[in-house]
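Chain A is the first sequence line, chain B the second, and so forth, proteins listed ahead of strands; every chain is numbered from 1.
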Amino acid sequence: MVYNPQKIERKWQRVWEEAGIFKTSDKIKGKKNFYHLVMFPYPSGDLHIGHWYNFAPADVYARFKRMQGFNVMSPIGFDAFGLPAENAAIKHGIHPKTWTYKNIERMRKQLKSMGTIYDWQREIITCDPDYYKWTQWLFLQFYKAGLAYRAKVPANWCPSCKTILANEQVIEGKCERCDSDVLQKEIEQWLFKITDYAEKLLKDLDKLDWPERTKTMQKNWIGKSEGYEIKFSSIPVFTTRLDTIFGCTYLVLAPENPIIEKLKNKITNYQEVKRYIEKSKKKTERERLSEAKEKTGVEIKGVKAINPANGEKIPIWMADYVLIGYGTGAIMAVPDRDERDMEFAKKYNLPIKKTRLVDSKKIAKKVKGKKITNYKLRDWVISRQRYWGVPIPMVKCQKCGWVPVREKDLPVLLPTLKDFRPTGKGKSPLAKSKKFVQTKCPKCKELAERETDTMDTFVCSSWYYLRYTDPKNKKKFADPKKLKAWLPVDMYIGGAEHTVMHLLYARFFTKALQKLGILDFSEPFLRLRHQGIILGPDGQKMSKSRGNVIDPDIQVKKYGADAVRMYLCFMGPYDQGGPWQPRGIVGIARFLDKIFNFQFSIFNDQNSKLKKLLHRTIKKVTEDIENFRFNTAISALMILVNEMQKQKGLEPEVRPTLLKLLAPFAPHFAEELWSSFAKASEDKHFDIKNSVHNQKWPKYNPKLIKEEMITLIIQVNGKVRAKTETEAGISKEKAKELALSCEKVRKWTEGKKIKKIIFVPDKLINIVI
RNA sequence: GCGGACGUGGUGAAAUUGGGAAACACUUAGGAUUUAGGAUCCUAUGCCGAAAGGUUUGUGGGUUCGAGUCCCACCGUCCGCACCA
């Protein structure tokens, strides 16, 4: 018999699908529900090896949990709205919708070839009206609760994508998607009040089983700091170091600070001030960042502020190193204590004064300071001036102002536009469709206009994990009973790049919906694990131009899906990723081949070495999968198989147990051998109910993993000089005797005085001379 | 600059609480089998050495009977934040 993975895999995928063995029901008697979730993919066109690395080891975990007796739900869907679909569609001259659904079709096929346990009946696609109807509904709930509001705020404008971006989507002053320099622009926008939840988002991190670095990054992003707000004359200032107030020698305002406009009449150099304001407005975010080393500023002449601590008159300056969006947009400068203030003071010859530290609380009382907590987190701008997204369900009426669309009129359908390209004028292409724009006011029924901006895609992905529990519900976004049955998510797996975007937004949504009484839990994802990034064989990021892309389809053709799954698990720690080694997968292929062609005979020996190894392997594989150490789990299986080969016969339980342990990693392979094994041993037709995947995960016998014989390490002065086999539980005295009788040891100890003996039971003895 | 993670053979990597460094693979070499190639099996494979033995976890120091693991300094890589007062 030759191991032919392609044939086997196709066969079993068909059998499983027909039998529906991976369909999930909301309740199974005697089983606990386990919600296992992978971050849903963006329908980019082809499944690349990175997707496989996300989904395959995750599927190993899901299958493992399933065999452990949990009722596992592992759903999949597509995060289908967003800029890339539009950009690709523009490039290829097709409609984003056509492009998206074509890609989904293709990716579905590829996903199925992986042999995952996804329940396809729960599939969701965020650009389906059946889905985004509820995205709009949730927006309306937020609006009613005051969590969605409209405001003219300075926001990040990407001139290439021609839309506003959230702070989280600007990386080093550049657009997260296209790398263009981002400009500051003031437009009226819809925002979500995520800042209301800053404290809760920060505090609740403590109760999550998430990677530490991810929690730290969220903490830093939220950026809490406590301090005081005090007034210098009429100018409020925020400081965390009120104790340094006696060293304050001048004030600095942000150029955008509205106080400057109010002081206009008193300012003697207003022209100069205005020029500076205009200049800093024109700078891109990145220019401001790159100029960070060289500070600039202008004195606001004609006005002075008074330091409330000592009554001193001090000058007021304006500089763009002070940010309008943080604190009060004004600082008290203490050059003696603050490097930045010192640099500025030196450049412009401002006074520098040695400060004496005082008690913050006392001085706060004296200067009437208010205790204030500030966060770096800003409200989430969700308006996008682009076509391929969820229409914001709001109507602007001349008489009534902004009015929400009535719930029964949802969804507000995204019109099919021929020209869907962004306009660049600060309005979405939807504004070009009269049919879409013209509507009646839901309140007064007069003619009115629809909002034409669409929502940030991250809104769609902030709640998709809720919809999976009840994806076809037409009356509710999800049935409360079903939500209760599954949520919160027990295990969430995906890339670390979503740390301050998706993962933060989803947490905010959950908290907001809890407050609205829609959900009864406060955190969506209890446990989180990240996968690393797979690099090309050359150790570089995979890219078409470098020609180092590994196509999973080709690997599957060559070695089979099971080998690809297993190799991805075997290559190293899951969160580390690393280069794909073309030769590496060969080792896995050989391993599977070896098992497939294994010739064996059965015999009984309750205490055989192999049986003990088997139970140790069960223990190791179980613990390793639970801890996402797939690589060492596989190496343990390899050790077992190597030992099996050395033995002349097998204990009856060895083979079936090995197949169970292999089942999560190589599901088709294990099923094939399991079925032929079942047929042979029971001489009846294999029944899918007895599938290896419906077997109970093996348990180890604690008695069998206890060692009776150990290898005692004998050290002299901490150096290994000998090893000896001896029975477990040997006493210190006996061990000493044994050690000193060793010829190799005597060579080192002869004629020397023993100072000390260190004995570690069942492990080692160290003779110090 | 600040914060975090990390640094182990030719390669991917292992290594409970400080206790055998390099498990498991890949690669390479030699051998068996084979018409040949491939596949498979056996042996070897950190470095120096014929061997005995010595030596090895980025560098330097420290704690300890004993350090890849703990502490200090430095070098390097990666990630995140980036004037947040």
Side-chain angles (χ1 to χ4, degrees), chain A residues 2 171-173 211-221 223-225 227 237-242 244 248 252 254 285 288-293 295 319-323 325-334 337-341 343-344 374-378 496-497 499-500 532-533 537 539 567 570-573 575-576 578-591 593-594 597 623 629 631-642 645 711-723 747 755-769:
Chain A
V2 182
I171 316 287
E172 285 178 34
E212 244 0 271
R213 66 187 158 121
T214 305
K215 292 206 248 182
T216 308
M217 273 168 65
Q218 283 211 359
K219 258 178 214 164
N220 292 341
W221 187 260
K224 180 179 180 171
S225 55
V237 157
F238 174 72
T239 178
T240 54
R241 294 298 304 272
L242 189 57
T244 64
C248 169
V252 191
E285 183 81 2
R288 261 174 100 149
L289 289 177
S290 63
E291 285 167 10
K293 281 164 206 148
K295 293 187 186 2
D320 62 7
Y321 82 88
V322 176
L323 308 171
Y326 188 77
T328 61
I331 61 156
M332 60 173 215
V334 184
R337 286 277 152 178
D338 189 292
E339 246 179 83
R340 295 157 302 179
D341 296 342
E343 192 195 322
F344 194 74
N374 263 318
Y375 301 90
K376 288 191 209 172
L377 186 70
R378 309 290 151 77
E497 68 276 14
T499 298
V500 290
I533 296 167
Y567 174 58
F570 185 62
M571 38 188 295
D575 58 359
Q576 185 182 302
W580 174 277
Q581 295 200 298
R583 296 297 304 171
I585 192 168
V586 171
I588 296 289
R590 279 180 196 155
F591 172 68
D593 225 40
K594 202 191 281 184
N597 295 308
E623 288 169 359
R629 290 195 296 249
N631 54 334
T632 47
I634 291 173
S635 90
L637 288 168
M638 285 172 167
I639 292 169
L640 176 69
V641 171
N642 288 347
Q645 257 185 332
T711 310
L712 185 73
I713 306 302
I714 304 168
Q715 296 183 334
V716 179
N717 280 353
K719 282 202 170 140
V720 180
R721 295 300 178 191
K723 304 166 191 183
K747 206 172 124 187
K755 283 187 198 153
K756 205 175 180 182
I757 301 251
I758 309 280
F759 178 64
V760 183
D762 287 349
K763 198 100 208 178
L764 123 175
I765 182 160
N766 185 12
I767 300 158
V768 186
I769 52 170

Tell me what [X] touches on the nucleic acid: a base, only sugar-phosphate, or nothing, going by heavy atoms under 4.0 Å.
X	answer
A:Phe570	base
A:Ile713	base
A:Asn766	base
A:Pro573	sugar-phosphate
A:Asn642	sugar-phosphate
A:Asn631	sugar-phosphate
A:Lys763	sugar-phosphate
A:Gln715	base

Looking at A:Tyr567 and A:Gln581, would you say the former's side chain and the latter's main chain have a donor-acceptor pair under 3.5 Å? yes
Look at the side-chain N and O atoms of [X] and state whether any lies under 4.0 Å from the OP1 or OP2 oxygen of [N].
X	N	answer
A:Thr632	B:C24	no
A:Arg590	B:U40	yes
A:Tyr321	B:A85	no
A:Gln576	B:C6	no
A:Arg721	B:G54	yes
A:Lys719	B:U55	yes
A:Asn597	B:A39	no

From A:Asp338 atom CG to A:Ile331 atom CD1, the distance as rounded to the nearest 0.5 Å: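 Reported value, rounded in 0.5 Å steps: 7.0 Å.
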Using the [atom1] atom as the point on both nucleotides, what is the distance between [M] and [N], in whole Å?
N	M	atom1	value
B:G53	B:A5	P	42 Å
B:C41	B:A51	P	29 Å
B:G12	B:G62	P	32 Å
B:G10	B:C2	C1'	38 Å

Residue pair A:Asn642 / A:Lys594, side-chain donor-acceptor N/O under 3.5 Å: yes
In whole Å, I'd like the distance from the NZ atom of A:Lys756 to the P atom of B:U64.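 My rounded result for the distance is 10 Å.
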Ignoring hydrogens and angles, are the base of B:C65 and the side chain of A:Lys755 linked by a donor-acceptor pair under 3.5 Å?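 Answer is no: no donor-acceptor pair is held.
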Flag the pair A:Thr244 / A:Met332 as yes when at least one side-chain heavy-atom distance between them is below 4.5 Å, and no otherwise. yes
Quick check on B:G9: syn or anti? Syn means the glycosidic torsion is within 90 degrees of zero.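 Syn, angle within 90° of zero.
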